[in-house]
Amino acid sequence: MNPKSTMKIRKQGPPRKKACQICTESKVRCSLEKPTCSRCWTRGKQCRYPAGSDDVHRLSPVVSSERISADESLSFEPSLANFSATSTATALSSPMSGHASDIPHIYSQHESTQTVDTDLNFDHIDLVPMIDAEKIRDSWLQPYLLTTTGQVPKLFNPFTAQFVTCVLRSHPNHLLDEKSLPPFIHPLQLNNKAMPRTIANCFSLVRMWMNRVAGSEAIVLSTVRQEMERLSREDTTSDFDTLCSFQVYLIYLLTAYFFPIENASLGDDMSMVTLQDLAFRTAKAGFACKAELSRTRPTWESWIIASSKRRTLFTMYLFTNVYNSDKGLPNFLSDELGDVLVPESKALWEASDRCSWTREYNRHLSKWGDGMLQISELWGSSETGSEARRKRIGRWVQSTDEFGMMLFAVCAHIHGC
């Protein structure tokens, strides 16, 4: 027998022409999965195959560590551990370009076979201005004016504070994950055509803070402080940019407060006053779409901004409660937030394209013909425990996401349900 006939022939890889266009141009091996290969999926790229490649198996693009080589890893930037003090300073002195490609693409769990809609325009947001926004700016004074406000401090049990602290501490860690965001930043804020420098810098600086090495504390602290000061002085003109500044300043404060650098603190009273001033600037344009208040469907862009604003505001107030509790100061009912809408359903928040969101919002309108639940309905009142109130709360709990459930748990613990 011819030895060649028994020789094991090495199985050849699929022809290059069957690879997607991006992998072909990059001269790397393509996984050939359709509609999106794993390499394009992990990079948020639009995957296209040449004509005649339909015979390739259609597999779900599941990415594992074995399938991505070291040179194709999804690292956002080199770890700070690999920087010397000089190279760290150089990296920090050059802010990111501000394009979406600088940030890892954020996916929800159901997006593996969907195309994320990036055709968004946040230039024309239709919200209802908040009339008494100044109350948000001045809310920091309440704990110091106990004798003049006439309000009774609300019960903030130590275990409630521990629970909220545990949740808030997790938010900066989201920025260390390639596929995660704090629950008050909408994923499609990062899929805008021009990534705001504010958010791009936040990804870098939080990672450098959390991954700092001995000897780099001073430069990391100084750079984050400078960025926070810039945000406090910046006069943003668009509602989108104002929201981003508010969100990012809150993230910096959460990072500095819960993961402090020894002998230095950015989470002090003045920083809290600045945070509430940024909340005031955000509130002036409003927290609800005009269409929401008239029980019709708003534009997707307006809803994204309004919903993100509400979530960020609730997070700030929870953080303020923890901050006051740690300092031995009383917390009060935030009447100024009474008519702010609670977080919407998980399906609405995670919708990745306009068609899906529109379909879900139509369902939302049919379910809430009597008006969407307001945060004050989760507070203690004469209606607490009534059948009508519990039905509305139950309807909301049925569809809300993890952020909404966390908010409900805190309110129920303080006010009952």
Side-chain angles (χ1 to χ4, degrees), residues 125 127-146 148-151 153-154 156 164 168 171 182-185 198 228 231-254 257 267-290 292-293 302 305-325 327 329-343 372-379 403 407 410-411 414-415:
I125 305 302
L127 305 183
V128 178
M130 186 175 183
I131 299 174
D132 53 355
E134 291 81 5
K135 290 184 178 180
I136 292 178
R137 180 191 59 196
D138 301 334
S139 61
W140 69 273
L141 288 169
Q142 278 191 327
Y144 301 96
L145 301 176
L146 179 59
T148 60
T149 60
Q151 290 196 60
K154 66 182 181 183
F156 202 66
V164 176
L168 295 177
H171 293 340
F184 50 86
I185 297 181
T198 297
M228 291 175 69
L231 292 172
S232 68
R233 297 189 306 267
E234 190 174 46
D235 186 17
T236 53
T237 56
S238 77
D239 213 17
F240 180 83
D241 291 336
T242 302
L243 169 62
C244 291
S245 295
F246 178 31
Q247 291 171 323
V248 164
Y249 197 93
L250 175 58
I251 291 173
Y252 287 139
L253 264 186
L254 293 175
Y257 191 79
D268 53 18
D269 288 350
M270 286 308 299
S271 297
M272 295 297 290
V273 171
T274 300
L275 176 65
Q276 288 166 338
D277 184 63
L278 287 168
F280 159 70
R281 297 182 211 173
T282 306
K284 284 194 296 184
F287 290 103
C289 308
K290 292 180 181 179
E292 284 182 298
L293 299 184
S302 294
I305 297 301
S307 186
S308 300
K309 278 186 174 189
R310 295 190 287 257
R311 287 169 176 252
T312 309
L313 186 71
F314 290 141
T315 304
M316 185 203 77
Y317 269 81
L318 290 174
F319 177 45
T320 301
N321 286 172
V322 170
Y323 182 84
N324 289 340
S325 180
K327 296 189 68 176
L329 294 171
N331 286 302
F332 299 94
L333 190 66
S334 305
D335 291 328
E336 63 274 15
L337 304 186
D339 59 356
V340 176
L341 303 180
V342 295
M372 181 60 180
L373 197 75
Q374 298 177 339
I375 188 64
S376 58
E377 295 182 68
L378 300 181
W379 300 344
F403 182 83
L407 198 61
V410 174
C411 290
I414 294 175
H415 304 285

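The structure displayed is predicted, hence computed values, not measured ones.
- Residues P183 and F403 approach most closely at CG-CD1, 3.7 Å, considering heavy atoms.
- Side chain of Q247 to backbone of F184: a donor-acceptor contact under 3.5 angstrom is found.
- Across G267 and L253, no two heavy atoms sit closer than the pair CA-CD2, 3.6 Å.
- I185 contributes atom CD1, which lies 3.5 Å from atom CD1 of I251 (distance to the nearest 0.5 angstrom).
- Checked against side-chain hydrogen bond (donor to acceptor under 3.5 Å, both in side chains), D239 has the following partners two or more places apart in sequence or in another chain: K309.
- Atom CD of E234 sits about 10.0 Å away from atom SG of C244, to the nearest 0.5 Å.
- Between M372 and V342, some side-chain heavy-atom pair lies under the 4.5 Å cut-off.
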When you look at L373 and L378, which way does the side-chain contact (heavy atoms from CB on, under 4.5 Å) test go after all the steps?
CA-CA 9 Å; L373 197 75; L378 300 181; 4.1 Å; yes
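- With sequence neighbours left out, the side chain to side chain contact (heavy atoms under 4.5 Å, CB included) criterion links D235 to no other residue.
- To the nearest 0.5 Å, atoms CG (N331) and OG (S139) are separated by 10.5 Å.
- Residue pairs satisfying the salt bridge (charged side-chain N to carboxylate O under 4.0 Å, His left out) criterion with at least one member in residues 267-282, sequence neighbours excluded, are listed as follows: D269-K327, D277-R281.
- Under the rule for a side chain to side chain contact (heavy atoms under 4.5 Å, CB included), the partners of V273 that lie at least two apart in sequence or sit in another chain are W140.
- Scanning all heavy atoms of the two residues, the minimum distance from A306 to A288 falls at CB-CA, 4.3 Å.
- Side-chain contact between T242 and K284: absent, with no pair of heavy atoms (C-beta onward) separated by less than 4.5 Å.
- With sequence neighbours excluded, no residue satisfies salt bridge (Lys or Arg N to Asp or Glu O under 4.0 Å) with E336.
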Please assess Q374 against V340 for the test side-chain contact (heavy atoms from CB on, under 4.5 Å), listing each intermediate value before the final yes or no.
CA-CA 6 Å; Q374 298 177 339; V340 176; over 6 Å; no
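- L127 approaches G286 most closely through the heavy-atom pair CD1-O, 3.4 Å.
- Not a single ring pair (Phe, Tyr, Trp, His ring centres under 6.0 Å) links F287 to another residue, sequence neighbours left out.
- Residues L275 and Y252 fail the side-chain proximity criterion, which asks for heavy atoms closer than 4.5 Å.
- L333 places a side-chain heavy atom less than 4.5 Å from the side chain of H415.
- With values rounded to the nearest 0.5 angstrom, T315 atom OG1 is found 8.0 Å from F246 atom CZ.
- Among residues two or more places apart in sequence or in another chain, the ring pair (Phe, Tyr, Trp, His ring centres under 6.0 Å) test is passed with Y323 by Y257.
- Using a 4.5 Å heavy-atom cutoff, the side chains of I125 and S238 are not in contact.
- In this structure, the side chain to side chain contact (heavy atoms under 4.5 Å, CB included) partners of T320, at least two apart in sequence or on a different chain, are M272, Q276, M316, N324.
- Side-chain contact between T198 and D241: absent, with no pair of heavy atoms (C-beta onward) separated by less than 4.5 Å.
- Without hydrogens or angle criteria, R311 side chain to P343 main chain gives no donor-acceptor distance under 3.5 Å.
- Here salt bridge (charged side-chain N to carboxylate O under 4.0 Å, His left out) pairs that include residues 135-144, with residues two or more places apart or in two chains, are D132-K135.
- Using a 4.5 Å cut-off on side-chain heavy atoms (C-beta onward), L313 and L337 make contact.
- A search for side-chain hydrogen bond (donor to acceptor under 3.5 Å, both in side chains) contacts involving T274 returns nothing, not counting sequence neighbours.
- The distance from atom NE2 of H171 to atom CG of L254, rounded to the nearest 0.5 Å, is 6.5 Å.
- Listed by chain and number, the residues in a side-chain hydrogen bond (donor to acceptor under 3.5 Å, both in side chains) with S376 amount to none (sequence neighbours excluded).
- Inter-residue side-chain proximity for L250 and L278 is flagged as unmet; no heavy-atom pair is nearer than 4.5 Å.
- Residues satisfying the side-chain hydrogen bond (donor to acceptor under 3.5 Å, both in side chains) criterion with S308, sequence neighbours excluded, are Q189.
- Put simply, OG on S334 and CG on L318 are 9.5 Å apart, with the number rounded to the nearest 0.5 Å.
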